[in-house]
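Notes for the one structure printed next.
All values below were derived from every heavy atom in this structure, side-chain atoms included, with hydrogens, water molecules and symmetry-related copies excluded.
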Amino acid sequence: MDERPHPGPCPLARPVAHGRPPTPDGTARYPVTPPLPRRQLLPGLIVAGLVLVVMVAGIAGAFG
(Lines give C-alpha, C1' and ligand atoms only; values in the text may rest on other atoms or scores of the structure.)
Protein backbone atom coordinates (compact mmCIF):
# COMPACT_ATOMS: atom_id res chain seq x y z
CA MET A 1 0.00 0.00 0.00
CA ASP A 2 1.54 3.27 -1.10
CA GLU A 3 1.03 6.13 1.27
CA ARG A 4 1.31 9.64 0.06
CA PRO A 5 3.21 12.05 2.28
CA HIS A 6 1.15 14.53 4.21
CA PRO A 7 2.75 17.95 3.79
CA GLY A 8 1.02 19.69 6.67
CA PRO A 9 0.67 19.11 10.41
CA CYS A 10 -1.61 16.46 11.85
CA PRO A 11 -5.29 17.38 12.00
CA LEU A 12 -6.55 18.77 15.29
CA ALA A 13 -8.39 16.53 17.73
CA ARG A 14 -12.12 17.04 17.98
CA PRO A 15 -14.26 16.29 21.03
CA VAL A 16 -16.49 13.22 20.94
CA ALA A 17 -20.22 13.71 21.36
CA HIS A 18 -21.32 12.87 24.92
CA GLY A 19 -17.73 12.23 25.93
CA ARG A 20 -15.82 13.28 29.00
CA PRO A 21 -14.37 16.78 28.99
CA PRO A 22 -10.60 16.76 28.56
CA THR A 23 -8.43 17.23 31.61
CA PRO A 24 -5.74 19.91 31.51
CA ASP A 25 -2.88 17.57 32.45
CA GLY A 26 -4.15 14.50 30.56
CA THR A 27 -3.90 12.08 33.49
CA ALA A 28 -7.51 10.85 33.46
CA ARG A 29 -7.62 9.91 29.77
CA TYR A 30 -6.70 6.24 30.18
CA PRO A 31 -8.15 4.20 33.04
CA VAL A 32 -5.56 2.35 35.09
CA THR A 33 -6.51 -1.06 36.39
CA PRO A 34 -5.31 -1.95 39.88
CA PRO A 35 -2.46 -4.48 40.04
CA LEU A 36 -3.29 -8.13 40.60
CA PRO A 37 -3.04 -9.38 44.17
CA ARG A 38 -0.23 -11.79 44.96
CA ARG A 39 -2.68 -14.63 45.28
CA GLN A 40 -3.47 -14.34 41.57
CA LEU A 41 0.17 -13.85 40.54
CA LEU A 42 1.46 -16.97 42.27
CA PRO A 43 0.13 -19.60 39.77
CA GLY A 44 1.56 -17.63 36.84
CA LEU A 45 4.95 -17.34 38.51
CA ILE A 46 4.99 -21.08 39.27
CA VAL A 47 4.15 -21.99 35.66
CA ALA A 48 6.74 -19.53 34.33
CA GLY A 49 9.37 -21.04 36.63
CA LEU A 50 8.55 -24.58 35.51
CA VAL A 51 8.73 -23.59 31.85
CA LEU A 52 12.10 -21.95 32.46
CA VAL A 53 13.46 -25.04 34.23
CA VAL A 54 12.29 -27.39 31.46
CA MET A 55 13.70 -25.06 28.79
CA VAL A 56 17.11 -24.86 30.46
CA ALA A 57 17.14 -28.64 30.97
CA GLY A 58 16.26 -29.15 27.31
CA ILE A 59 19.02 -26.82 26.15
CA ALA A 60 21.49 -28.56 28.46
CA GLY A 61 20.58 -31.93 26.92
CA ALA A 62 18.98 -33.58 29.93
CA PHE A 63 16.22 -35.13 27.81
CA GLY A 64 18.32 -36.46 24.98
Single-linkage hydrophobic cluster Val56~Ile59, side-chain heavy atoms < 4.5 angstrom: yes

Is there a path of hydrophobic side-chain contacts, each under 4.5 Å between heavy atoms of I, L, V, M, F, W or Y residues, that connects Leu42 with Leu50? yes

Spatial distance of atom CG (Leu45) from atom CD (Gln40) [nearest 0.5 Å]: 12.0 Å

